[in-house]
Each structure stands twice: as structure tokens, then as C-alpha cells.
Amino acid sequence: MEGKVILMLLLFVSIISTFRADYVRPQPRETLHFPWSFKSSSQPQQVHISLAGDEHMRVTWITNDHSAPSYVEYGTSPGEYTSVSQGESTSYSYILYKSGKIHHTVIGPLKAGTVYYYRCGGEGSEFQLKTPPSQLPITFSVAGDLGQSGWTKSTLEHIDLCKYDVHLLPGDLSYADYLQHRWDTFGELVEPLASARPWMVTEGNHEKEDIFLFKAPFDSYNARWKMPFEESGSSSNLYYSFEVAGTHVIMLGSYTDYDESSYQYAWLKADLAKVDRERTPWLVVLFHVPWYNSNKAHQGEGAGMMAAIEPLLYAAGADIVIAGHVHAYERSKRVNAGKSDPCGAVHITIGDGGNREGLAHKYNSQPEWSIFREASFGHGELKIVNSTHAFWSWHRNDDDEPVKSDQAWITSLIGSGCVAEKNHRLKSFR
């Protein structure tokens, strides 16, 4: 009899445990330390690539030798470079720090979905990149607030397992926070991934690094991570757009003026007016500070930008809005003006790439628009399958294994009738 009672108790505990969350959040990990580099002064370092207009790619690298040339040789076979492009260079000073020579060279035209081999400045290692496809499907990897911690390393390893075409980063890259050598170590850390697939980034608060009356904001960021702002008609590296395989992506700046009298607002109106939803049926927007956030961290910080910009994005039929800043993950229903709306955008907060500041554990009561939320490190994958359907998944860093913890099919607004319905509203903003 006693044995039966014990067996029943064990069975009861087993049943109860199946209803209890069995995930135990891992502890923070240390900031990474990098050994001293013994590369020659002309050796290319911190190589990364980004999209630079139709059929072109920008290759960026740094040399300690300020006389090193800024050209890139490239071709479709290893060691056989059939083309060469000449670029430009810049550098900057920051208190006692002097950067290396920062090279930016645009290569192309390039064929879509093709592997290219390239070498920077005529020496050093050969790199290879793959250009994105020209048509759907396309896969984006997504991670914000990366930093340089043990969890950053884990996140990057998981992203490397993802067969992605373009990486999207909604702000807070290096967490250098005025210590400029940390920009250099971040460049080293991400080079294996960022030299092989285009990384498209926008700025966060940790990129600001301004010093009152002495140093303007974003100098380091702008010098090192040049994005295709000129190619998209923008006057600032802090906001721009690009098109790739049926997707129009807009990268906005949370820390530059965005009200109706600002340059950013005027540029955004003009950019949205040029979007052809026949050619690019998906409209995706990124910036740093989330508008829809039920975490206690950074509450209300995006309210001003939301008031100014959300009506524009709603009128244009934005499908997905991705932000960082809050060190946690959250996915919403389609929302607009603070409540569920079938013609609004899906909002995703993904500021959990691995920053040194840790996770934002505390939440307010879950609002009706919030579908899934969790304070864990991880990354996202957005596979846009065709003109009407995309598959989103968030992969939690469970120790050192990527665990798919949230996933959803997203139907585009172009197939819902919402975009056609709102065309007249967008025209009223022009």
C-alpha cells in the first residue's frame, strides 16, 4: 500500500512538473578579453561588408598603416581576382586615441546569390562573401545590443549556424562607451561573420559617445560603420534604407531629430513615397528604442518618436518593426496607436544579443497586444518566403545551444487589402 502511495505521489509530481516552466535562466557571462594583435601595420583588420545600392557591396577594413591603399580585388574563384575597385578612407581622434586608417570601398556590380573571393589593399588573408538573392525567399538574422561578453560569443555562434543572407542590428554594437579600443576588439569579434554576409546596422545610445563642447555624437560609429545613406537619398548615416529580394528595409535613428520639421522625417516621407509594393511587397523598419514595450526597463522612452513617426509607417503599411534597447525579447500582435489593429505592424523587441549590462527581468502586467516575452539572450531569424508569408523565429541561448522558443507565421499587409486601403492616407502626408 505504501509503495502505491509513493508511486502516486511521484506520478503527481511528474504531472505537475510538466505544467511548470523548466527553463532556468543562465547567469551573466564575463566580458571577453582579446590577446594583443601582432599583425603587420598594413594587414587588413576588422573586415566587414554592407549593401551599397543595387548590385553593389561596401567593404570596410582598418589598417594601422595610414599609407596603406584602399582598393579591393575580387572575383568568383579563389585567388583569381578579375576586378578591382578603388575606395576612400577616413580616420578620427578621440581624446588620446587615434584610430587606424578606416577604408571604405564599394565593389560591383555583383551577381545575386553568388560567392565572391576578395582581398583588401593587396595583401593579407583572402575573404569570401555571398551576395543576397535577387528574389524571394530571403533570410535575415537579427540581434541587437550585442556587446562583447561570453553571451555575445554564444549568440554569434548561433547566428553562424543560421543560413542567413543579411544580418540586421537595431543598435548598440560594441558597447565601447568612450573606450575606443573596444571598437577595435568588437571589429575583430564580428569579422568572421561580418566579412562573409552584409551587416546592416543602425545606431543606439551606446554609439553616441559625445562629450559636451568637445566631441560630437556618433563620430566613431559613423567613421567605422558607413551604411548606404547616400545611396538612399539620406543626408545622414544615422538613417537610410535599402532594398533586397522583395523587401524594403528602413533603418531609422532614435537619437537624431525625428519630429515633423526634421530632416529625418522629411527623408522618411520621401522614401516611403518611392516604395513600390509590387517590387518589394514587404516593408520592414528598424530603430533602437521600442515603441511597444511591456518591460519595466526604458518605459516610455520611445513615445516621442512613436507620436511623430507611427502615423507615417501605418499609412505606408509597414509589416514588421524591430527594435532593441530593452535587454529582453518581446513580440506583439499587429498594433497601431497603442492597441491591436489588423492593419498595423508586428513589433519585435530583440535587445538581447549579449550585452555586458545583463537582462531586463522585470515586466509590467502583460498588455493585450503582447503575445510572447522573455528576458533571455538570443537572436531572431526572419525568413520571408514569398510576397505574402514570412516565418519569424526567436532562438534563446539556452546555455550554449540555440533553442527555438518563439515562432510565428506573419502574413504581409500587401495580401490583406490594408495597403490599398491606406494609399490615400499616405498621400495626405506628402
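As a basis for the values below, the full set of heavy atoms in this structure was taken, side chains included, without hydrogen atoms, waters or symmetry mates.
Judged by distance alone, with hydrogens and angles left aside, the side-chain atoms of Glu207 form a donor-acceptor pair with the main-chain N or O of Gly204 at under 3.5 Å. Between the Asp145 side chain and the Asp352 main chain, no donor and acceptor come within less than 3.5 Å of each other. Between the side chain of Ser42 and the backbone N or O of Ala68, no donor-acceptor pair lies under 3.5 Å. Checking side-chain atoms of Thr152 against main-chain N and O of Leu146 turns up a donor-acceptor pair under 3.5 Å. Of the possible polar contacts, one joining the Glu310 side chain to the Ala337 backbone as a donor-acceptor pair under 3.5 Å is found. In this structure, the side chain of Gln299 engages the main chain of Asn293 through a donor-acceptor pair within 3.5 Å. The backbone N or O of Gly79 lies less than 3.5 Å from a partner atom in the side chain of Glu126, making a donor-acceptor pair. Counting only distance, with no hydrogens or angles, the side chain of Thr131 and the backbone of Lys111 share a donor-acceptor pair below 3.5 Å. At least one donor-acceptor pair under 3.5 Å links the side chain of Ser412 to the backbone N or O of Ser387. Proximity of a side-chain donor or acceptor of Thr82 to a complementary backbone N or O of Gly75 within less than 3.5 Å is not detected.
Scanning both residues, Gly253 and Glu203, for their nearest heavy atoms gives CA-OE2, 3.0 Å. The heavy-atom pair separating Gly353 from Thr155 by the smallest distance is O-OG1, 2.6 Å. The two residues Glu231 and Ala52 come nearest to each other via the heavy atoms OE2-CB, 3.8 Å. Shortest non-hydrogen contact noted between His248 and Glu243 is ND1-OE2, 2.7 Å. Nearest approach of Gly324 to Thr349, heavy atoms of both residues: O-CG2, 3.7 Å. For Lys101 against Ser89, the heavy-atom pair with the smallest separation is CE-OG, 3.2 Å.
Ile309 is listed as a side-chain neighbour of Trp291, based on a closest heavy-atom distance under 4.5 Å. Proximity of Ser91 to Lys98: side-chain heavy atoms (C-beta onward) are separated by under 4.5 Å at one or more points. Asp257 is not listed as a side-chain neighbour of Gln264, based on a closest heavy-atom distance of 4.5 Å or more. Using a 4.5 Å cut-off on side-chain heavy atoms (C-beta onward), Ile49 and Phe127 make no contact. Using a 4.5 Å heavy-atom cutoff, the side chains of Tyr292 and Lys333 are not in contact. Using a 4.5 Å heavy-atom cutoff, the side chains of Leu51 and Arg58 are not in contact. Counting heavy atoms from C-beta outward, Phe391 and Trp409 have side chains that approach closer than 4.5 Å. When side chains are defined from C-beta on, Leu173 does not count as touching Arg224, because their heavy atoms never get closer than 4.5 Å.
Looking at residues two or more places apart in sequence or on another chain, you find a side chain to side chain donor-acceptor pair (under 3.5 Å) between His104 and Thr60. With sequence neighbours left out, Gln135 forms a side-chain contact (heavy atoms from CB on, under 4.5 Å) with no residue at all. Here Thr105 pairs with nothing under the side chain to side chain donor-acceptor pair (under 3.5 Å) rule; sequence neighbours left out. Looking at residues two or more places apart in sequence or on another chain, you find a side chain to side chain donor-acceptor pair (under 3.5 Å) between Gln366 and Ser370. In terms of the salt bridge (charged side-chain N to carboxylate O under 4.0 Å, His left out) criterion, residue partners of Asp319 (sequence neighbours excluded) are, by chain and number, Arg277, Arg334. Looking at residues two or more places apart in sequence or on another chain, you find no salt bridge (charged side-chain N to carboxylate O under 4.0 Å, His left out) involving Asp271. Under the side-chain contact (heavy atoms from CB on, under 4.5 Å) criterion, Glu209 pairs with Tyr94, Ala176, Tyr178, Gln180, Trp183, Ser220, sequence neighbours left out. Every side-chain contact (heavy atoms from CB on, under 4.5 Å) that Ser234 has, sequence neighbours left out, goes to Phe229, Ser232, Ser236, Tyr239, Trp267. Every residue was checked against the salt bridge (charged side-chain N to carboxylate O under 4.0 Å, His left out) condition with Arg197, not counting sequence neighbours, and none meets it. Applying the salt bridge (charged side-chain N to carboxylate O under 4.0 Å, His left out) test to Asp177 and every residue at least two apart in sequence or in another chain returns Arg356. Residues meeting the side-chain contact (heavy atoms from CB on, under 4.5 Å) test with Ala328, sequence neighbours left out: Asn295, Val326, Tyr363, Ala375.
Taking CG from Leu168 and CD1 from Ile320, the interatomic distance works out to 10.0 Å, rounded to the nearest 0.5 Å. Annotation: the span from Asp341 atom CG to Cys343 atom SG amounts to 5.5 Å, rounded to 0.5 Å. Atom CG of Asp165 and atom NZ of Lys383 lie 9.5 Å apart (nearest 0.5 Å). In this structure, CD1 on Ile250 lies 11.0 Å from CZ on Phe287, to the nearest 0.5 angstrom. Rounded to the nearest 0.5 Å, atoms CG (Leu161) and OG (Ser141) are 11.5 Å apart. Atom-to-atom distance recorded for Ser41:OG and Asp65:CG is 4.0 Å, nearest 0.5 angstrom.
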Quick one, Tyr92 with Asn222, criterion side chain to side chain contact (heavy atoms under 4.5 Å, CB included). Give me CA distance, side-chain angles, the key distance, then yes/no.
CA-CA 10 Å; Tyr92 71 95; Asn222 285 333; over 6 Å; no

Before giving the answer on side chain to side chain contact (heavy atoms under 4.5 Å, CB included), spell out for Met200 and Val249 the whole-Å C-alpha distance, their side-chain angles and the decisive distance to 0.1 Å.
CA-CA 10 Å; Met200 308 307 292; Val249 183; over 6 Å; no

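Using modelled atom types, one finds a donor on one side chain and an acceptor on the other under 3.5 Å when comparing Asn355 with His327. With hydrogens and angles left out, the side-chain atoms of Asp184 and Gln46 include a donor and acceptor closer than 3.5 Å. A side-chain donor-acceptor contact under 3.5 Å links Asp259 and Ser261. Using modelled atom types, one finds no donor on one side chain facing an acceptor on the other under 3.5 Å when comparing Ser405 with Glu374.
Under the 30°/60° scheme for interplanar angles, the aromatic rings of His158 and His379 are found to be tilted. Using cut-offs of 30° and 60° on the angle between ring planes, the pair His103 and Trp61 is parallel. Between Phe218 and Tyr255, the ring planes lie tilted relative to each other; the angle falls in the 30° to 60° range.
A 6.0 Å sphere centred on OH of Tyr263 holds no more than 12 heavy atoms belonging to other residues, nucleotides or ligands.
For the ring-ring contact (aromatic ring centres under 6.0 Å, His included) criterion with Phe377, the lone passing option out of Tyr329, Trp151, Trp394 is Trp151.
Listed by first and then second residue, the ring-ring contact (aromatic ring centres under 6.0 Å, His included) pairs involving residues 197-217 are His167-Trp199, Tyr175-His206 (not counting sequence neighbours).
Ion pairing between a basic and an acidic side chain is recognised when a charged N comes within 4.0 Å of a carboxylate O; Glu157 and Lys153 show such pairing.
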